[in-house]
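In what follows, chains are A, B, ... by sequence order, proteins preceding strands, each numbered from 1. Atoms considered below: every heavy atom in the structure, side chains included; atoms not considered: hydrogens, waters and symmetry mates.
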Amino acid sequence: MNGALHKSMAPAAALVLDEPVLTTSATAPSPVPSTAHRAAPLKAIDEYRILSAHEITAEKLVRADDPYLEGHYPDFTIYPGVFVIESVTQTVHALVEQTWESRIEIELTAIKSVRFTSPVLVGDTLRIRCLCTYVEDNRLTVKADCHIDRNELDPDLDDAGAGAASDRAARMTLEFRLVRADAHE
Amino acid sequence: MSDHAHIRSVLPHRHPILLVDQIEEIEHFDHIVTVKAVTGSEPCYAGMAETTDPRRFAYPRSLMVESFGQSGALLWLESIRREGRELTGSLIFAAAKNVTFHRAAYPGDTLRHVAHIEQIVGDNAFLRGQTLVDGELAADYGSVIAVVRQTESLDGRQAPVASQLAAIPRQHTMEEQ
């Protein structure tokens with residue numbers, strides 16, 4: 001049955017998109033609702049800020065009681081690398097919701113490359129910056145840079161002077177397919 | 001064939017993020033075939049808005065990758081153990097390249113991972129492989145690097161030392177393109 005479901009879903013039917021238009025002028029951080037509209041291991045961003053139709057930033061405070069973390073690992077908690085990818089995915093979703101038609105969903109089709117350079121631990125704030133480029137066939141290429149603000153650093157440090165206060169956690173290039181979300185609703 | 005207790009004796013992951021149920025086949029230092037059953041009771045399906053769109057229940061691809069990575073780590077750590085050695089420290093996903101997704105999995109599906117060791121360099125394992133669902137290709141992993149790093153003090157707290165990750169020989173790293 002799932003095989004039939006899968007076949008009925010691809011390819012996206014005649015989805016033609018114009019260049020994205022920013023439908024919101026909000027530049028203040030927008031909170032992310034706690035109710036998920038699709039399966040996800042956790043709410044992987046707390047808030048986001050749209051900079052342009054192609055660029056977005058987001059933040060995620062890593063908490064010990066985040067879903068799944070109790071098992072990763074029981075004696076020393078690390079935010080899994082795949083969750084950093086999930087954080088980027090949810091950030092891109094927020095941008096697509098605001099800049100494309102509202103009923104467009106994204107589907108991760110490729111991790112072209114990802115490199116994790118520093119562990120993300122409980123109390124760290126993950127800061128994500130995504131640059132999205134629309135390519136042919138309803139695809140979106142995303143270059144993402146993820147940094148962490150360490151939880152034990154001097155709180156007086158200025159965020160803007162991120163060089164001393166922040167480590168790079170990961171860099172990645174992902175590819176998404178844009179699909180209509182309303183086919184079954 | 002291997003029981004779940006054995007998997008828990010090799011992998012450091014625990015519920016609810018221990019994402020390998022069974023080893024179907026293993027050839028040490030070469031390949032492993034594992035299975036993971038997807039169920040609607042997993043945490044990734046908690047707190048979802050009511051919807052009639054079945055596509056929204058697609059198993060998160062981030063967790064599919066995690067399940068594959070754990071399978072590769074299982075092969076690696078089990079192979080080393082067979083030689084009478086143990087790696088201690090934290091198991092970390094260091095890098096990946098050319099991972100492509102081809103179909104979704106849903107509650108009731110079984111993920112079947114086939115992971116191969118390409119090479120082992122020190123405490124770094126280079127893996128490749130595939131995930132199958134109902135015999136169809138669900139994901140292809142061109143290259144995945146897993147590493148074990150010692151948990152030690154970093155500015156007063158326990159952490160894997162990031163600089164050690166950067167110390168992976170350059171020819172084996174996968175820089176951004």
Side-chain angles (χ1 to χ4, degrees), chain A residues 1-3 5-7 9-10 34-44 67-76 78 80-86 89 105 107-119 121 143 150-153 167 169 171-173 175 179 181-185, chain B residues 12-18 42-49 51-63 65-66 69 90-106 108-109 133-134 136 145 149 151 155-160 162 165-166 173-177:
Chain A
M1 183 228 168
N2 284 336
L5 175 65
H6 160 65
K7 288 181 179 67
M9 285 160 44
S34 57
T35 304
H37 289 277
R38 58 186 178 137
L42 77 169
K43 194 177 91 163
Y68 287 98
L69 290 201
E70 62 181 287
H72 197 276
Y73 298 101
D75 55 347
F76 183 76
I78 301 176
V82 296
F83 282 13
V84 179
I85 296 172
E86 183 67 35
T89 298
E105 276 285 345
E107 188 178 274
L108 179 64
T109 51
I111 302 168
K112 297 178 94 63
S113 65
V114 60
R115 185 164 187 235
F116 301 98
T117 46
S118 187
L121 308 179
K143 285 189 176 293
R150 295 291 190 189
N151 61 342
E152 79 277 17
L153 288 173
D167 291 337
R171 287 180 69 188
M172 66 189 80
T173 302
E175 191 174 272
V179 293
D182 53 2
H184 294 265
E185 304 218 283
Chain B
H13 308 76
R14 287 296 178 268
H15 175 83
I17 201 168
L18 176 52
E42 294 184 47
C44 60
Y45 295 110
M48 280 183 68
T51 176
T52 57
D53 185 349
R55 295 178 303 181
R56 295 182 185 274
F57 291 89
Y59 191 62
R61 290 180 171 178
S62 52
L63 293 179
V65 173
E66 176 68 22
S90 296
L91 191 60
I92 293 175
F93 178 19
K97 196 170 185 180
N98 297 331
V99 178
T100 54
F101 300 97
H102 301 273
R103 65 154 286 178
Y106 297 89
D109 282 337
V133 176
D134 285 340
E136 296 180 12
I145 303 177
R149 289 291 173 261
T151 303
D155 290 338
R157 69 174 182 168
Q158 297 292 303
L165 280 179
T173 63
M174 292 182 288
E175 299 289 346
E176 286 289 296
Q177 292 183 318

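- One N or O on the side chain of Y68(A) and one on the backbone of C44(B) form a donor-acceptor pair closer than 3.5 Å.
- Between E107(A) and R55(B) no salt bridge is recorded (no basic side-chain N to carboxylate O distance below 4.0 Å).
- With chain B as partner, the option from G81(A), P74(A), P67(A) having the largest number of non-hydrogen pairs under 4.5 angstrom is P74(A).
- Using a 4.5 Å cut-off between heavy atoms, L18(B) makes no contact with chain A at all.
- Side chain of H13(B) to backbone of H72(A): no donor-acceptor contact under 3.5 angstrom is found.
- The choice from G47(B), A46(B), A58(B) that makes the most heavy-atom pairs within less than 4.5 Å of chain A is G47(B).
- Most heavy-atom pairs under 4.5 Å with chain A, from the set L91(B), V99(B), L63(B): that is V99(B).
- Using a 4.5 Å cut-off between heavy atoms, L108(A) touches chain B through backbone and side chain atoms alike.
- Contact count versus chain B (heavy atoms, under 4.5 Å) is highest, among P80(A), A110(A), A39(A), for A39(A).
- Aromatic ring orientation, F116(A) versus F93(B): tilted (interplanar angle from 30° to 60°).
- Between M48(B) and H37(A), every side-chain heavy-atom pair lies at or beyond the 4.5 Å cut-off.
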